[in-house]
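Contents: one structure, followed by commentary.
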There are 2 protein chains.
Amino acid sequence: MMAAQLREDEIVARLAEIVAGTQTHRVLVGIGDDAAVWQPSRSHRSVITTDALVEGIHFTSETMSPYDVGWRTTIANVSDLAAMGARPVLATIALGAPPGGIESTIDVYRGIAASAKEYGMAVVGGDLTRAPVLTVAMTAVGEVRASNLKLRSGAREGDVIAVTGPLGASRAGLDVARGAVALQPPEREQALAAHRRPIARAREGRWLAASANVRAMMDCSDGLSTDLARLCEASDVGVIVESVPVAACAREAALALGHDPETYALAGGEEYELVVAVRARAFDRLAQRFYARFGSELVRVGVTRSEREIVRMENGAESPLPRTGWEHFGA
Amino acid sequence: MMAAQLREDEIVARLAEIVAGTQTHRVLVGIGDDAAVWQPSRSHRSVITTDALVEGIHFTSETMSPYDVGWRTTIANVSDLAAMGARPVLATIALGAPPGGIESTIDVYRGIAASAKEYGMAVVGGDLTRAPVLTVAMTAVGEVRASNLKLRSGAREGDVIAVTGPLGASRAGLDVARGAVALQPPEREQALAAHRRPIARAREGRWLAASANVRAMMDCSDGLSTDLARLCEASDVGVIVESVPVAACAREAALALGHDPETYALAGGEEYELVVAVRARAFDRLAQRFYARFGSELVRVGVTRSEREIVRMENGAESPLPRTGWEHFGA
């Protein structure tokens, strides 16, 4: 049977098959009824988030395959859960398929299923409609122990600001994918992978959330400069940015494009490192334990201060740090 | 300030203001963080559903205002929860705004906020992106006592199939809105209201779910003929359809268009009556109590049988009932 001639229920059944492997015993009713049902455990909080990817806005068929679109949709949602300290439980998907786009729809679901399985998240249902372009909106629900919940608003004056890894790789991958810059292996592959198959700091988020010395946490999926401004606004503090960890491929891409690497990395969106505000006297010990646990650095970026402005410290001089990250409705 | 020049956070803040009135004490974290957090009560199940409306597919600017689009998105989701027997708790929204569409985006949120408040549901967050056309995907979470949960799969041979109200009004409203048919007042207004400002059978759903004699329940938002086929498939039964309750405005529209009114009503989608399978010997008493409680009829449509086919009984003769409802990927 031609895919284009499949009826809706048959397509849904095919999609259900694809995500069947992601179901867990926690899910009481999955795809196939009006709604999905699950049972949260008693001592935990449930957390819900939604992230959408739209063709022509967040990706094009040149820069990402449908499978990668599904993959990144999951990561964007799991990263939001991780930023709260939550463990992913389940997700629903609203998928808009363009004319003749059933095969790519199925590939999107494959990418979703693979990534959801990776993070132990069940895909329990959703809505499938036609749409002018490929549109994927996922809602994910997670759970977190009440005492571990981390918000953006918990940072206090003098806290250390740190990130879970170097930045800018996804932006470099986008620049490679759209032909703006040419990188050599292995940087080329690292950049493309960061853009197309990012990872979410799910384990890191839960681990950091368990520490009382971590006072605020969020992800920096819209770029560190933009998301740091949001954290500061929520916590009513400013930040002195001392240094920005730049991924090797991002450094190469920036230099090839004639940009300052740190500025390039500060503006990079679509990446999923976590940003934390840590009680200053506890930071060194926490970073050591983080390294021992995950084999990667919790990188100090700067320190919060009471003046609300975000400034960058270079060669002993302060300059204001503009928001240069992803703005969905920017000019 | 011109709306088109608003920055994303400012737009989100404006949208957050609009839905501020829908928040409840159950919501621990709403709009403004990476994710929203709530605490389900211990003896209940949580239920989650997603429904999306896409411009050019589910509506056009001629047939529905942005406010009505928001309204109907809520109803579609609340109806799915009602069909499980669940009470709405909260919702998230992924909204794709077309170029220059910020004002209509805000109107969509107004419609969502008004309808969500009507059903006691908090809007706790979401994702706002650009998109080629107005696209609204809502995910709603509800709660239901474990013993009250109703699925599509519970119907047994000999059960009475009934619906919570007459059908076809929304289809008539669409035909009026796009100028296919002209109706006189008050049928004209009834038809348009059914299409643009439908109601969900939320209280009815919870009430029906509390009866052990109701064995299966779903909504008929894709049209009774299509959704009845889904209920039969899930329950492994067939149905003899004896009669179909047709809304007065739908009857007029059908006759004006030269259609059989029952056939017209069977194919009507985008309406939110509930379909139930009730233990036969309990039906009359349940329908009486339903009328006493809600002042409207629980209307008998037919009876299930072991042969899987769905047939329509007219003048003592059976004929197969084709699926004529809404097919998102139909030819």
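All values below were derived from every heavy atom in this structure, side-chain atoms included, with hydrogens, water molecules and symmetry-related copies excluded. From a predicted model like this one, the values you see are computed outputs, not experimental measurements. So you know, we letter chains A, B, ... as the sequences are listed, proteins then strands, and number each from 1.
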> Checking side chain to side chain contact (heavy atoms under 4.5 Å, CB included) for the pair A:Ile48/B:Val141: CA distance, chi angles, key distance, verdict?
Replying inline: CA-CA 9 Å; A:Ile48 186 168; B:Val141 173; 3.6 Å; yes
>> Counting only heavy atoms from other residues, nucleotides and ligands, does the tally under 6.0 Å from CZ of B:Arg87 exceed 12?
In response: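 At most 12 heavy atoms, drawn from other residues, nucleotides or ligands, come within 6.0 Å of this atom.
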>> Within the 4.5 Å heavy-atom criterion, are B:Thr135 and A:Pro132 side-chain neighbours or not?
In response: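 A side-chain contact is absent here, since even the closest heavy-atom pair is not under 4.5 Å.
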>> For a quick test of reading the model, state the closest non-hydrogen atom pair linking A:Asp127 to B:Thr50 and the distance between them.
In response: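 Taking A:Asp127 first and B:Thr50 second, the nearest heavy atoms are CB-O, 3.4 Å.
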>> Can you tell me how far apart CD1 (A:Ile57) and OG1 (B:Thr129) are? Round to the nearest 0.5 Å.
In response: 7.0 Å
